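Scroll down for the structure; my scribbles are underneath it.
Since we're looking at a predicted model, the values are computed, not measured. Hydrogens, waters and symmetry mates are skipped; everything else that's a heavy atom, side chains included, is used.
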Amino acid sequence: FKKWHINTVLANSGLQNLRNEQTATLPNYNINYDYSAKNLVSFSSILSGKIIRNLYLKTGLNLSHTFVEYNIINSDTKYFSYSGVIVQPFIKFTNSSTQKLSYNLGLQGVYYSLGIAAFLEPRLAVTYKIGKNSKLKAAYGLYSNQSLNRLSYYNGYTPLRSHQLD
């Protein structure tokens with residue numbers, strides 16, 4: 001287990017929007033407004049290194065916390081707000097034991113606290129060298145994501161899933 005590395009990142013992002021439309025007559029009256037606030041805090045820690053001769057391991061954890069608040073247009077009292085956590089542990093093995101064939105094999109878990117849903121997402125990628133400057137690549141992955149728009153919470157939250165072939 002020589003030359004192992006750990007990378008850790010903490011990031012925060014925020015956005016606040018307020019749009020107003022006023023009448024041109026007196027008294028000045030607010031006829032249309034829209035308010036939204038978003039905040040995202042993310043943490044990631046990854047451990048990577050060589051296990052044996054041509055076998056490498058990459059494992060880690062990604063955590064994200066999202067807070068969103070917005071109003072119904074022209075309402076002083078009807079606000080929607082939600083806060084959710086996404087937890088994503090993962091593990092990936094990379095093997096290049098031959099000069100012609102290499103592969104990545106991985107598994108990612110995903111937990112969405114907002115929709116109370118958990119998924120296992122397998123990943124596989126294979127590369128075959130067919131010539132000096134030519135490679136044939138194939139990949140498969142099962143992915144899910146969280147939609148953060150207003151309609152997804154108004155109509156009921158469900159994470160989205162898709163199979164991806166490259």
Side-chain angles (χ1 to χ4, degrees), residues 1-17 34 36-70 80-166:
F1 289 99
K2 295 180 181 180
K3 294 188 180 182
W4 284 79
H5 305 279
I6 189 162
N7 295 323
T8 302
V9 175
L10 178 63
N12 182 59
S13 175
L15 173 67
Q16 184 174 6
N17 289 322
D34 187 8
S36 69
K38 299 177 184 179
N39 191 61
L40 174 66
V41 178
S42 295
F43 170 83
S44 177
S45 188
I46 299 170
L47 174 67
S48 60
K50 187 177 187 178
I51 297 175
I52 57 175
R53 187 170 165 236
N54 293 313
L55 184 63
Y56 299 86
L57 172 69
K58 187 176 194 179
T59 187
L61 178 66
N62 298 317
L63 298 170
S64 297
H65 177 267
T66 303
F67 171 77
V68 177
E69 177 181 72
Y70 58 89
F80 284 99
S81 68
Y82 49 88
S83 179
V85 175
I86 302 173
V87 180
Q88 297 173 293
F90 67 90
I91 188 166
K92 179 175 107 173
F93 294 95
T94 301
N95 187 333
S96 56
S97 58
T98 70
Q99 291 183 352
K100 289 193 172 241
L101 181 68
S102 65
Y103 65 86
N104 292 328
L105 179 64
L107 184 64
Q108 178 168 302
V110 182
Y111 170 73
Y112 298 99
S113 69
L114 205 56
I116 309 173
F119 304 108
L120 284 177
E121 302 176 341
R123 314 279 165 82
L124 175 64
V126 178
T127 302
Y128 184 74
K129 189 173 181 180
I130 55 178
K132 185 178 178 183
N133 296 318
S134 301
K135 294 179 184 177
L136 181 61
K137 294 183 178 186
Y140 170 80
L142 182 59
Y143 295 85
S144 59
N145 66 22
Q146 172 178 297
S147 176
L148 292 177
N149 63 47
R150 293 179 185 196
L151 290 176
S152 64
Y153 294 95
Y154 182 75
N155 295 325
Y157 175 77
T158 304
L160 305 172
R161 296 205 54 162
S162 68
H163 294 270
Q164 184 162 341
L165 288 170
D166 289 333

Trace of the side chain to side chain contact (heavy atoms under 4.5 Å, CB included) decision for E121 with V110: CA-CA 8 Å; E121 302 176 341; V110 182; 3.5 Å; yes
From CD1 (I6) to OG1 (T8), nearest 0.5 Å: 4.5 Å
Distance (rounded to the nearest 0.5 Å) between S102 OG and N95 CG: 8.0 Å
Gap between atom CG of L10 and atom CG of L63 - 0.5 Å precision: 10.0 Å
Validation row: L15, S13 side chains within 4.5 angstrom (heavy atoms): no
Shortest non-hydrogen separation from S42 to S64 and the atoms involved: OG-OG, 3.3 Å
Residues forming a side chain to side chain donor-acceptor pair (under 3.5 Å) with N7, sequence neighbours excluded: none
Heavy-atom side-chain proximity of Y143 to R123 below 4.5 angstrom: yes
Sub-4.5 Å side-chain heavy-atom contact between K50 and K3: no
Nearest-0.5 Å distance that lies between atom CG in L120 and atom CG in L107: 5.0 Å
Stepwise side chain to side chain contact (heavy atoms under 4.5 Å, CB included) test for I51 and W4: CA-CA 9 Å; I51 297 175; W4 284 79; 4.2 Å; yes
Rounded distance (nearest 0.5 Å) linking atom OG of S96 with atom CZ of R53: 9.0 Å
Side chain to side chain contact (heavy atoms under 4.5 Å, CB included) between Y111 and V85, worked out: CA-CA 8 Å; Y111 170 73; V85 175; 5.8 Å; no
Pairwise distance CG(L40) to CG(N12) - rounded to 0.5 angstrom: 7.5 Å
Beyond-backbone contact of L61 with S45, side-chain heavy atoms, under 4.5 angstrom: no
Intermediate values then yes/no, side chain to side chain contact (heavy atoms under 4.5 Å, CB included), F90 and K58: CA-CA 8 Å; F90 67 90; K58 187 176 194 179; 4.2 Å; yes
